[in-house]
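Here is the structure we will look at.
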Amino acid sequence: MEQEQPVIGILGAGRAGTAIARTLLAAGIAVDICSTRAPKALRHHLKIYAPGAQAVWPAEVADRTRRFGPGTVVLAVPQEELDEVEPEWAAGCVLIDATNRWQDELLPGWLQAAVDEQLPTSMAIAGRFADSRVVKALNHISHHELPEAAEPDLPLAQRRALAVASDDDDARGLVMGLLVRAGFDPVSVGGLPAGRLMEPDGPLFNRPLRRDDILRAAG
Ligand SMILES: NC(=O)c1ccc[n+]([C@@H]2O[C@H](COP(=O)([O-])OP(=O)(O)OC[C@H]3O[C@@H](n4cnc5c(N)ncnc54)[C@H](OP(=O)(O)O)[C@@H]3O)[C@@H](O)[C@H]2O)c1
């Protein structure tokens with residue numbers, strides 16, 4: 001019997017979500033992806049921006065990935081829209097928070113409260129998605145660069161390094177394994193508070209990093 005591929009769910013099929021989908025698909029990882037549109041309406045968009053990804057309803061985004069363990073779902077919806085994302089869609093899963101805060105976004109109250117307290121947004125997201133294990137990752141590289149930056153044939157030390165932050169060691173390890181398979185050199189920066197380093201005003205944002213650059217920034 002043919003071995004089933006692992007599957008990752010992606011919430012959001014815009015620039016980030018489809019770039020992440022293309023990167024995973026190129027590494028032989030299947031992708032279920034959703035947007036505000038019905039799957040039928042999303043399919044044409046995916047033919048162009050993420051060929052091979054399967055369009056699903058948001059409430060189904062974790063169904064297939066859960067067959068391979070806890071399941072892994074990427075959050076790639078703008079932060080201003082997060083009140084419309086039901087935490088139960090990713091319940092029980094590892095949730096990769098790939099989102100960023102932009103100055104002009106009107107944030108949901110629970111997220112704005114964290115920003116006002118100068119907390120990293122992923123900590124508020126972990127509070128909101130309390131039934132998921134949140135890992136901050138994939139937010140600090142642009143969709144323009146992500147698919148081409150993946151180089152699975154190179155040794156780890158020669159690959160682009162990506163930072164990973166989580167309070168959950170198992171979840172962080174799982175995401176680091178996924179990033180290795182996708183063609184990166186993942187580097188743990190510690191718990192979710194360290195996700196601050198990866199935010200738009202942090203030292204790791206949107207820079208072509210190697211492992212040592214991340215370790216130096218993480219101190
Ligand atoms: N752009 C980048 O290079 C980049 C890189 C890393 C991280 N990020 C972060 O990723 C997040 C998304 O950015 P983006 O540039 O991809 O935005 P975008 O191009 O505007 O795409 C947003 C996607 O989210 C979907 N969406 C909105 N509300 C939803 C809901 N309730 N349920 C399911 N899907 C929903 C949209 O659906 P429709 O298509 O139906 O409108 C769209 O597909 C932001 O926080 C951003 O900072 C962006």
Side-chain angles (χ1 to χ4, degrees), residues 8-24 31-50 53-63 65 73-91 93 95-108 110-112 114-115 120-126 128-129 132 134-150 160-165 175 179 182 184 186 195-202 204-209:
I8 303 294
I10 303 182
L11 282 158
R15 290 161 293 185
T18 55
I20 293 167
R22 290 196 301 281
T23 308
L24 296 175
V31 170
D32 286 350
I33 189 165
C34 65
S35 75
T36 62
R37 288 168 269 177
K40 199 174 168 193
L42 183 56
R43 265 177 222 136
H44 178 66
H45 175 79
L46 294 180
K47 269 189 199 149
I48 301 167
Y49 294 106
Q54 182 168 301
V56 296
W57 293 100
E60 298 171 343
V61 75
D63 285 0
T65 185
V73 173
V74 181
L75 183 63
V77 170
Q79 291 189 344
E80 63 187 340
E81 310 288 350
L82 287 182
D83 266 346
E84 310 306 321
V85 175
E86 294 295 335
E88 70 185 46
W89 295 340
C93 295
L95 183 68
I96 301 178
D97 173 20
T99 69
N100 292 302
R101 173 181 175 245
W102 296 106
Q103 296 296 346
D104 55 348
E105 277 184 315
L106 187 60
L107 297 179
W110 54 270
L111 196 44
Q112 185 60 52
V115 169
T121 53
S122 54
M123 291 181 70
I125 286 170
R128 169 93 177 163
F129 292 81
S132 301
V134 171
V135 178
K136 183 85 180 172
L138 286 169
N139 71 299
H140 66 102
I141 179 168
S142 154
H143 73 280
H144 289 298
E145 291 186 88
L146 184 70
E148 286 71 34
R160 173 108 169 209
L162 292 179
V164 183
V175 173
L179 293 177
F184 297 95
R196 165 73 80 213
L197 300 167
M198 301 153 69
E199 292 190 340
D201 53 359
L204 302 180
F205 193 77
N206 221 357
R207 296 204 167 88
L209 302 163

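Heavy-atom basis, side chains included; hydrogens, waters and symmetry copies ignored. Numbering of ligands and ligand atoms starts at 1, following listing order. Source: prediction; values computed, not measured.
Put simply, the side chain of E105 gets close to the backbone of W102: a donor and an acceptor are under 3.5 Å apart. R22 places a side-chain N or O within donor-acceptor distance of the main-chain N or O of Y49, the cut-off being under 3.5 Å. Side-chain N or O atoms of H140 include one that pairs as donor or acceptor with a backbone N or O of A163 at under 3.5 Å. For the pair S132 (side chain) and V134 (backbone), a donor-acceptor distance under 3.5 Å is absent. At least one donor-acceptor pair closer than 3.5 Å links the side chain of E199 to the backbone N or O of T121.
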For ligand 1, run through the N/O pairs with the protein that fall under 3.5 Å and put one pair on each line.
{"residue": "ligand 1", "atom": "1 (N)", "partner": "H143", "partner atom": "ND1", "Å": "3.3"}
{"residue": "ligand 1", "atom": "3 (O)", "partner": "H143", "partner atom": "N", "Å": "2.8"}
{"residue": "ligand 1", "atom": "3 (O)", "partner": "H143", "partner atom": "ND1", "Å": "2.8"}
{"residue": "ligand 1", "atom": "15 (O)", "partner": "R15", "partner atom": "NE", "Å": "3.1"}
{"residue": "ligand 1", "atom": "15 (O)", "partner": "R15", "partner atom": "NH2", "Å": "3.2"}
{"residue": "ligand 1", "atom": "16 (O)", "partner": "R15", "partner atom": "N", "Å": "3.1"}
{"residue": "ligand 1", "atom": "16 (O)", "partner": "A16", "partner atom": "N", "Å": "2.8"}
{"residue": "ligand 1", "atom": "19 (O)", "partner": "R15", "partner atom": "N", "Å": "3.0"}
{"residue": "ligand 1", "atom": "19 (O)", "partner": "R15", "partner atom": "NE", "Å": "3.1"}
{"residue": "ligand 1", "atom": "31 (N)", "partner": "E84", "partner atom": "O", "Å": "3.4"}
{"residue": "ligand 1", "atom": "37 (O)", "partner": "T36", "partner atom": "N", "Å": "3.4"}
{"residue": "ligand 1", "atom": "39 (O)", "partner": "R37", "partner atom": "NH2", "Å": "2.6"}
{"residue": "ligand 1", "atom": "40 (O)", "partner": "S35", "partner atom": "OG", "Å": "3.2"}
{"residue": "ligand 1", "atom": "40 (O)", "partner": "T36", "partner atom": "N", "Å": "3.1"}
{"residue": "ligand 1", "atom": "40 (O)", "partner": "T36", "partner atom": "OG1", "Å": "2.4"}
{"residue": "ligand 1", "atom": "40 (O)", "partner": "R37", "partner atom": "NE", "Å": "3.2"}
{"residue": "ligand 1", "atom": "43 (O)", "partner": "A13", "partner atom": "N", "Å": "2.9"}
{"residue": "ligand 1", "atom": "43 (O)", "partner": "G14", "partner atom": "N", "Å": "3.1"}
{"residue": "ligand 1", "atom": "45 (O)", "partner": "N100", "partner atom": "N", "Å": "3.1"}
{"residue": "ligand 1", "atom": "45 (O)", "partner": "N100", "partner atom": "O", "Å": "3.4"}
{"residue": "ligand 1", "atom": "47 (O)", "partner": "N100", "partner atom": "N", "Å": "3.3"}
{"residue": "ligand 1", "atom": "47 (O)", "partner": "N100", "partner atom": "ND2", "Å": "3.4"}
{"residue": "ligand 1", "atom": "47 (O)", "partner": "W102", "partner atom": "NE1", "Å": "2.9"}

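Of the candidates I33, V31, L138, I8, I20 forms a side-chain contact (heavy atoms from CB on, under 4.5 Å) with just one, namely L138.
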